[in-house]
Amino acid sequence: MRELPKAYNPQGAEENLYKLWEESGFFAPEAHPPWAGSPETNPNYGKTFTIIMPPTNANGDLHAGHGLVMTLEDIMIRFNRMRGKKTLWLPGNDHAGFETQVVYEKVLEKQGRSRFDIAPEDLYKEIWGFTQNNRSNINSQVKKIGASCDWSREKFTLDRDIVKTVYSTFEKLFHEGLIYRGKKIVSWCPKHQTSFSDLEIVDEERTDKFYYVKYGPFTIGTARPETKFGDKYVVMHPADKRYQQYKDGQKIELEWINGPITATVVKDEAVDMEFGTGAMTITPWHDAADFDIAERHHLDREQIIDEQGRLLPIAGGFAGMKITEARPKIVEKLASKGLVEKIDDNYKHAVKLCYKCNSLIEPQVKSQWFIKMRPLAEPIIKAIEKKEITYVPDHYEKITLHWLNNIIDWNISRQIIWGIPIPAKICDTCEGGLPDLENKVSTCPKCKEELREETDTFDTWFSSGQWPFAALGYPDSKDFKEFYPTQVMETAGEIIFFWVSRMLMLGKYVTGKLPFNTVYLHGLVLDAKGKKMSKSKGNVINPLDLTAKYGTDAFRMGLIVGNTPGTSLALSEDKIKAHKHFANKLWNIARFVLSHVDEAALRQKPELLPKHKKILEEFAEIARNVTADIEEFRFYLAAEKLYHYAWHTFADKVIEESKEQFRGGNGQAQCSAQWTLFVILRDLLKLLHPFTPFVTEAIYQNLPDETADWAKQQTLMIEQWPA
RNA sequence: GCACGCAUAGCUCAGCUGGUUAGAGCGUCGCAUUCACAUUGCGAAGGUCUCUGGUUCGAAUCCAGAUGCGUGCACCA
């Protein structure tokens with residue numbers, strides 16, 4: 001008979017429990033509990049289970065979404081560990097290039113400084129220090145969530161060996177013709193002063209003015225008159241009857257914004273005859289569709305707007321103006337020359353914005369490094385079609401296929417200092433470039449000119465896209481050989497293209513094997529009202545406040561119960577509170593059982609009453625169902641079933657009815673009840689452990705040391721799963 | 001335009017392969033308390049499962065369509 005304190009106090013218990021686990025050494029896959037060491041006692045002997053933790057951005061605190069990641073992955077890890085698999089959960093941090101630089105720019109801003117005033121190497125050192133501080137901070141927060149990951153294998157995306165792997169991938173891609181340096185139109189953020197890939201751009205529907213402007217004999221439509229200074233090509237559809245008297249290549253003299261120019265007629269099928277007047281002029285330097293037309297017809301292109309978003313000297317009197325202030329003035333000038341035919345005030349169109357600062361994206365023509373994605377995507381499309389990858393929820397399969405089938409080349413150049421430098425030399429004459437890992441090449445192989453060192457860095461996703469094999473020590477390490485490919489990639493549905501799909505492509509390309517065979521995607525964690533959390537809205541919920549208030553187990557249950565994969569979850573404090581009650585209920589269940597169980601009596605299995613046999617059978621059924629639910633990633637159901645069983649079956653019925661046997665004082669009935677209650681409590685703790693590791697361990701540590709058919713382990717974490 | 005979702009109690013959502021009176025948490029109302037637990041227990045109210053049609057012995061669940069909401073991608077002179 002044991003006496004537990006009246007209420008469970010998570011605040012006092014959790015830190016020591018985590019320490020107990022960590023010091024036990026069982027976070028590492030090498031350590032196996034006594035029962036797991038042979039195929040006779042462990043049906044999963046020799047099997048591995050590996051999750052590579054999505055590397056946490058080393059630029060701030062843990063947020064609620066991280067809480068969900070850590071909980072989901074910890075559930076899978078603890079479950080598989082208890083099932084006897086050699087289980088590895090590899091933690092890591094991401095330098096998160098652009099994201100971190102943006103965060104750090106805000107830090108600088110507060111100090112009245114700017115990144116453009118700091119020498120690049122000094123800035124790099126500062127951000128390095130910043131991320132190192134954040135790393136240790138974040139790791140301690142991850143521990144508070146209860147993550148049972150192997151800290152001895154923790155990696156950072158800027159570790160020397162990771163960078164080496166990233167470099168060799170870059171070189172391999174280049175030599176196999178899959179990376180090229182090309183002068184193409186890219187999305188440029190005038191605020192952040194860097195180019196992006198297509199994924200960092202968001203669209204927004206806007207209503208603007210649409211101007212009909214006379215262009216010689218034509219009327220052209222435009223929403224951006226400020227880009228039109230250099231327009232010297234007027235394009236129409238070859239089948240457009242309205243313009244059939246104008247021939248492709250025909251020159252026309254006309255009066256334009258800053259005086260007379262010679263325009264050239266171009267016929268191209270990209271023009272939509274239904275839109276505007278069916279005639280348009282093009283600005284290839286600042287518009288992707290125009291760029292394509294210019295490419296097809298080998299037309300000149302000229303920069304009109306500089307990197308800061310100001311007009312260049314070609315704009316004549318408007319040079320130096322920001323485009324927004326220039327626009328009305330330019331329209332005014334056009335109008336004064338009688339060139340504005342009409343203005344439509346209600347033109348709805350989508351504009352492209354920087355996903356981070358919502359600045360208008362100004363496309364620019366730049367020489368950047370691109371990856372040809374088509375050849376990388378093909379094998380993944382085939383793998384998905386052959387069902388070599390399981391998506392949870394499965395509709396992500398279609399979403400991925402749709403994206404892969406329409407994939408475009410990936411710009412991996414970023415004009416920021418915080419990142420992995422692109423190890424290459426570039427030629428300012430031919431604008432080509434080549435990898436030069438050992439700094440050996442000095443003249444351009446094509447034009448024999450002197451090369452200069454590339455100053456751009458890689459898109460962070462280029463390195464994190466290689467994370468599973470890089471973090472495991474590809475190609476020669478023992479870990480890579482033993483744990484790659486991994487089993488599950490669990491991450492946010494939001495980054496399915498950014499990260500998951502690119503990991504599949506780069507992993508398959510570099511190692512020949514898919515990096516994982518199951519992709520589990522969770523939705524967003526929203527605030528209690530269902531709104532996206534953001535610092536500017538001030539509705540960010542700090543997970544550590546909640547764990548401090550209600551206990552980590554309650555927080556974890558609040559994130560898991562009722563949260564189906566792929567759908568977003570409104571994080572309600574009430575729900576977490578309810579699960580604090582659950583943790584306490586569990587504690588009191590244990591309090592009752594342990595105070596009614598005679599340890600000595602457990603050393604011999606009693607003859608069980610038929611009703612107790614039936615109760616144990618029903619419990620075994622629950623255990624089997626829960627096991628199947630976890631194996632099939634229905635954590636929300638498994639958690640709910642256990643919650644329900646513990647409270648409304650075990651406590652409300654089994655325990656209540658057992659009081660009769662304890663009151664009766666009948667020896668056999670009482671022994672049968674004791675045995676039944678104890679076995680269910682013990683095995684219920686095991687089943688609940690992946691979900692609520694702390695309270696279950698706290699109770700476990702108070703269990704008797706042995707029974708007729710069982711001996712207590714060092715920690716509940718390494719007990720054998722009861723189903 | 002193409003694609004992918006969602007629609008169930010006042011609120012937030014479950015309902016896994018179609019099968020008896022559709023569930024949970026929170027909220028509301030009532031009752032109970034020295035006996036594991038007030039961080040509690042018991043009970044109640046509250047749902048034509050968006051609509052229409054179909055498949056089926058049987059549909060919240062499968063199929064088709066409609067309506068509403070959301071998301072991604074593309075176009076956007």
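FYI, side chains are in, hydrogens and waters are out, and symmetry mates aren't considered; it's all heavy atoms of this structure. We name chains A, B, ... by the order of the sequence lines, and we start the count at 1 in each one.
Rounded to whole Å, the separation between the P atoms of U20(B) and U40(B) comes to 32 Å. The gap from the P atom of G53(B) to that of A59(B) amounts to 14 Å, rounded to the nearest Å. With C1' as the reference atom, G18(B) and U55(B) are 11 Å apart, rounded to whole Å. G70(B) sits 37 Å from U56(B) when the P atoms are compared, rounded to a whole Å. Here, C6(B) and U50(B) have their C1' atoms 12 Å apart, quoted to the whole Å. The same atom, P, is picked in A22(B) and in C29(B); the two are 26 Å apart, to the nearest Å. With P as the reference atom, C42(B) and C37(B) are 15 Å apart, rounded to whole Å. Only the C1' atoms considered, C49(B) is 16 Å distant from A24(B), to the nearest whole Å.
For G1(B), the paired nucleotide is C73(B), the pair qualifying as Watson-Crick or G-U wobble because both relevant distances are below 3.5 Å. Pairing partner, U67(B): A7(B), with both Watson-Crick or wobble hydrogen-bond distances short of 3.5 Å. G27(B): no Watson-Crick or G-U partner with both key distances under 3.5 Å is found in any strand. A 3.5 Å limit on both hydrogen-bonding distances identifies no Watson-Crick or G-U partner for C16(B). With a 3.5 Å ceiling on both atom-pair distances, the Watson-Crick or G-U wobble partner of U40(B) is A32(B).
Annotation: K532(A), atom NZ; neighbour count of heavy atoms from other residues, nucleotides and ligands within 6.0 Å does not exceed 12.
At a threshold of 4.0 angstrom between heavy atoms, the contacts of T277(A) with the nucleic acid are absent. Residue contacts for G562(A): at a heavy-atom cut-off of 4.0 Å it reaches the sugar-phosphate backbone alone, with no base atom in range. The residue K398(A) sits close only to the backbone: its heavy atoms come under 4.0 Å of sugar-phosphate atoms, none of a base. Across all strands, A590(A) comes closer than 4.0 Å to no nucleic acid atom at all (heavy-atom distances). E656(A) comes within 4.0 angstrom of a base, heavy atoms only. Residue I399(A) is classed as a sugar-phosphate contact, given heavy-atom separations below 4.0 Å to backbone atoms only. As judged by a 4.0 angstrom heavy-atom cut-off over every strand, H402(A) is placed among the base-contacting residues. Contacts of D574(A) with the nucleic acid, taken as non-hydrogen atoms under 4.0 Å apart, involve only primed sugar atoms and P, OP1 or OP2. Here S572(A) lies out of heavy-atom contact (under 4.0 Å) with every strand. Counting any heavy atom pair closer than 4.0 Å across all strands shown, Y347(A) reaches sugar-phosphate atoms only and no base atom. Here D652(A) lies in heavy-atom contact (under 4.0 Å) with sugar-phosphate atoms only. In this structure, A651(A) reaches the bases: a heavy-atom distance under 4.0 Å links it to at least one base atom across the strands shown. Within the 4.0 angstrom heavy-atom criterion, only backbone atoms of the sugar-phosphate kind lie near Y643(A); the bases stay farther away.
Shown here are the side-chain contact (heavy atoms from CB on, under 4.5 Å) partners of D287(A), two or more places apart in sequence or in another chain: A289(A), D290(A). Residues meeting the side chain to side chain donor-acceptor pair (under 3.5 Å) test with Y347(A), sequence neighbours left out: none.
Side-chain contact annotation: H522(A) with N563(A), donor-acceptor N/O pair under 3.5 Å absent.
For the segment residues 229-239 of chain A, the set of residues with a heavy atom within less than 4.0 Å of an atom of RNA chain B is empty.
One can place NZ of K585(A) at 12 Å from C1' of C42(B), the figure rounded to the nearest angstrom. In this structure, W499(A) atom CH2 and G72(B) atom P are separated by 21 Å, rounded to whole Å. To the nearest angstrom, C1' of U17(B) lies 13 Å from CG of N625(A). Nucleotide A74(B) holds its P atom 13 Å from the CG atom of D292(A), rounded to whole Å. Following rounding to the nearest Å, I361(A) (CD1) and C75(B) (P) show an atom-to-atom distance of 15 Å.
Judged by distance alone, with hydrogens and angles left aside, K575(A) brings no side-chain donor or acceptor close enough to the base of C26(B) to form a pair under 3.5 Å. Side-chain atoms of R634(A) and base atoms of C16(B) include a donor and an acceptor less than 3.5 Å apart.
Classified by interplanar angle (parallel below 30°, tilted 30° to 60°, perpendicular above 60°), the ring pair F275(A)/F210(A) is perpendicular.
Both T564(A) and A578(A) lie near RNA chain B, and the one whose nearest nucleotide falls closer to the 5' end is T564(A). Sequence order on RNA chain B of the closest nucleotides to A279(A) and N588(A) puts N588(A) first from the 5' end.
Less than 6.0 angstrom separates the ring centroid of Y520(A) from the ring centroid of F635(A). Taking the centre of each ring, Y243(A) and F218(A) come in below the 6.0 Å mark.
Nearest heavy atom pair, residue D553(A) against residue V695(A), reads OD2-N, 2.7 Å. Between H286(A) and P363(A) the shortest heavy-atom distance is ND1-O, 2.9 Å.
Within the 4.0 Å cut-off from OP1 or OP2 of U71(B), not a single side-chain nitrogen or oxygen of T567(A) is found. In this structure, Y636(A) reaches the G15(B) phosphate: one of its side-chain N or O atoms is under 4.0 Å from OP1 or OP2.
Between E573(A) and K549(A), at least one side-chain N (NZ, or NE/NH1/NH2) sits under 4.0 Å from a carboxylate O, which counts as a salt bridge.
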